[in-house]
K.L.:
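A single structure is presented below for examination.
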Amino acid sequence: MRYRADIDGLRALAVLAVLVYHAFPAALPGGFFGVDVFFVISGYLITSLIRLQISQQRFNIADFYARRIRRIFPALVLVIATTFTLGWFLLPLHEMQSLGTNIAASVVFLQNFVLLGQVGYFDIAAEKKPLLHLWSLGIEEQYYVVWPLVLLLVRRWKMNGLIVATVFGAASFVLCLIVGTRAPDYAFYLPFTRAWELLAGSALAVWHGDRTPGLPEADSRLRRASDLAAWCGFIGILISFGIYQPGFSHPGWFTLLPVVGAAVLIAGRGSLIHRLLVTPPMVFLGLISYPLYLWHFPLMAYARIHFVDSVPVGYMLAILLVSGLLAWLTYAAVERPLRFGNRNVRLKVGGLATAMIALALVGVAADLTHGLPIRIPAKIRPFMLTNEDSLAAMRSGKCLLLPDQGPEQFAPECTGNGDRPLVVIWGDSYAAALSPGLRHFAPARNFDLAQFTASACPPLIDYVNPERPFCKSINDDVLRRLSTLQPDVVIFHSTWSYHRQVDDFRRDLRRSVALVKPLTKKIVVIGPVASWLGDGLPANILDYYYQSGNFALLPERTWFRSNENWTSAAEAMVESEATALGLDYISAHRLLCNEAGCLTRIGPELVTFDNGHFTPAGSTYLVGKSIDRILEAKP
């Protein structure tokens, strides 16, 4: 194939947009559309190459995938290995387990499917997943498994390749629109709903055929039309980068702007835009765009993990420069020697495949061992709890409903044993965290416990969250259950962080209390617990160990990464309204914090065990301090 420097320039435009978006999202809100531009380029180049080789009767599937290995694996192996090495020292158990899962998925190019299963309430924030960006590579490689076979069949059956690519692309786009309205995450990650972007490039390649793009210099009208089309395509891409709003559906109709824009630019040549794309800096960035895309995101993710709240601008700019340097070194010292040349091809392919298999085994080990606890220093290893520990104690999936569960999935055990007095705990996962402590004290204090909790759903009847579509129906169901159970005590508890306006919170709480009061003898509101910046106490314990200067254990009470300002403000809001409504109010914050800081653990141990079952000590402590207030008759 004839080399086209303008396509490398287009790659540079795409990768620069992605980098700016990941570094400074507000500066370029649609910069992620650079990935969609990459999809069009990939579809065009791969289809052009395969059709050329098929027409020359020299296309071979094994050779095709050997070339893909030499193209994709060198930089990918290096970046994944480096990401894992950094995670060995920096990540607590849950995050390392997640990284292991993502490594194993990335090696077999199924990262997009794995991410679909990780959009849960307790999952790590997307920007802190070091290998999140490999979802796009997975979609491309999945496309490359199917599309070459389709092209072979098109040739054998003498079909019209342009019609085939157009029909498949239109079907994929329609499917994208349908799925996007019902399950946006699926539309984003599934290859079937993103294939139309690659097929746009493939259809263009089929249309070009063996002809050289461009128009005769003599035909000025066609030349002016070509220049105008190039400007329209370029401006369309820039518009998509700059004006995207969260309310826009992506992928969807708006995604046509960067996709069509990229196709138009690839279709033409010779315009001012193309002359800009072939300037040496743009071509250079295009040549290193693949390793640059690979390197930048893990570095940014680890920076966000380290700085917890936000990465200073100076550091983020330094990361961009380091990413560029690493990309150039990777391209020159790793990618080019392994990708090009006809010597030792089998050795190169075999070595790269072996390296990827080794990384897959490492990822599986990290997943199966729940984060490779052996790497954690013995002094703090007992404190490296995982979410699985807490989820089991909170009866996740049974009495703590997950985002995809409706009210009908409350287990029978959630209603208690039928004894009296009956205490009902109602709220989100913070309320569910009280359940182990309440169950611990229930036999000795002679009360029964019912638990109706759902992730990210506060105990407020009118609360609606588009990302938790079952919240409203769950809370309505809890109200019906309270009417039947007529409990002695109802505990309202939550993170209390869902309302941006105090008036909205006040309105929702007052309506909920008015509906619940006739159904129970007593309502208790428990305020916000002490909260922490970062990825929770286990992560903070690990970071403090390395940052303390003397490998110290995080103190039992500390302000290290405490989210005290937010907690105090939330406390004032909730306590003021509960008092105004005449409700019993328990300050979890004042029980857990004093002038020395907030509790991180109870004594030398982090957990207690009740009859062999895990019980979070913090939950037991909080309930133990509050139990009399919860159960006593109101004066």
Side-chain angles (χ1 to χ4, degrees), residues 76-126 128-132 134-135 138 298 301-302 305-306 353-397 402 436 534-546 551 553-554 600-601 605-609 612-617:
L76 187 60
V77 167
L78 181 60
V79 170
I80 291 179
T82 304
T83 301
F84 173 77
T85 303
L86 292 173
W88 180 277
F89 297 101
L90 299 177
L91 297 181
L93 295 182
H94 177 57
E95 286 80 352
M96 176 54 91
Q97 183 178 16
S98 176
L99 178 61
T101 305
N102 284 276
I103 287 174
S106 299
V107 167
V108 293
F109 302 105
L110 294 176
Q111 172 75 320
N112 50 323
F113 288 103
V114 168
L115 289 171
L116 268 178
Q118 292 185 338
V119 287
Y121 179 72
F122 290 102
D123 198 42
I124 307 164
K128 295 181 180 180
K129 286 179 175 290
L131 298 179
L132 175 83
L134 298 187
W135 70 269
Y302 280 125
I305 290 171
H306 173 74
T354 301
M356 289 292 272
I357 291 172
L359 287 174
L361 294 176
V362 167
V364 170
D367 180 53
L368 295 180
T369 60
H370 301 285
L372 294 170
I374 192 173
R375 66 193 170 83
I376 303 293
K379 184 176 181 179
I380 60 173
R381 192 178 301 163
F383 300 93
M384 295 293 104
L385 301 178
T386 65
N387 287 335
E388 286 76 14
D389 302 316
S390 297
L391 289 172
M394 292 152 59
R395 301 193 283 190
S396 175
L402 302 177
D535 293 320
L537 278 174
N540 290 348
I541 288 172
L542 184 63
D543 291 343
Y544 187 87
Y545 179 82
Y546 286 115
F551 301 109
L553 180 61
L554 189 69
T600 62
R601 62 187 188 280
E605 302 293 334
L606 186 66
V607 296
T608 61
F609 289 88
H613 297 290
F614 174 84
T615 302

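Worth knowing before you read on, the calculation uses all heavy atoms, side chains too, and leaves out hydrogens, waters and symmetry mates. On a predicted model such as this, the values are computed, not experimentally measured, just so you know.
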K.L.:
Return the minimal non-hydrogen interatomic distance between P130 and A301, and the atom names on each side.
P.N.:
CA-CB, 3.6 Å
K.L.:
Applying the side chain to side chain contact (heavy atoms under 4.5 Å, CB included) test to W135, which of N102, L116, L115 qualifies?
P.N.:
L115
K.L.:
Mind running side chain to side chain contact (heavy atoms under 4.5 Å, CB included) on K128 and I305 for me, showing each step along the way?
P.N.:
CA-CA 6 Å; K128 295 181 180 180; I305 290 171; 4.0 Å; yes
K.L.:
If I take atom CG from residue L372 and atom CG from residue D367, how far apart are they, to the nearest 0.5 angstrom?
P.N.:
9.5 Å
K.L.:
Answer yes or no: is there a side-chain heavy-atom contact under 4.5 Å between M356 and L76?
P.N.:
yes
K.L.:
Using side chain to side chain contact (heavy atoms under 4.5 Å, CB included), reason through I380 and F551 one step at a time and then give a plain yes or no.
P.N.:
CA-CA 10 Å; I380 60 173; F551 301 109; over 6 Å; no
K.L.:
Show the nearest heavy-atom pair for residues L99 and G87, with the distance to one decimal.
P.N.:
CD2-CA, 4.5 Å
K.L.:
Are L359 and V77 close enough, and set up right, to give a side chain to side chain contact (heavy atoms under 4.5 Å, CB included), and what steps lead you there?
P.N.:
CA-CA 8 Å; L359 287 174; V77 167; 4.2 Å; yes
K.L.:
M96 and I376: side chain to side chain contact (heavy atoms under 4.5 Å, CB included), yes or no, with the steps?
P.N.:
CA-CA 11 Å; M96 176 54 91; I376 303 293; over 6 Å; no
K.L.:
Is there a donor-acceptor contact under 3.5 Å from the side chain of T83 to the main chain of V79?
P.N.:
yes
K.L.:
Considering non-hydrogen atoms only, spot the tightest contact between A393 and P436 and give its length.
P.N.:
O-CG, 3.5 Å
K.L.:
Would a 4.5 Å heavy-atom cut-off, applied to side chains only, mark F89 and R375 as touching?
P.N.:
no
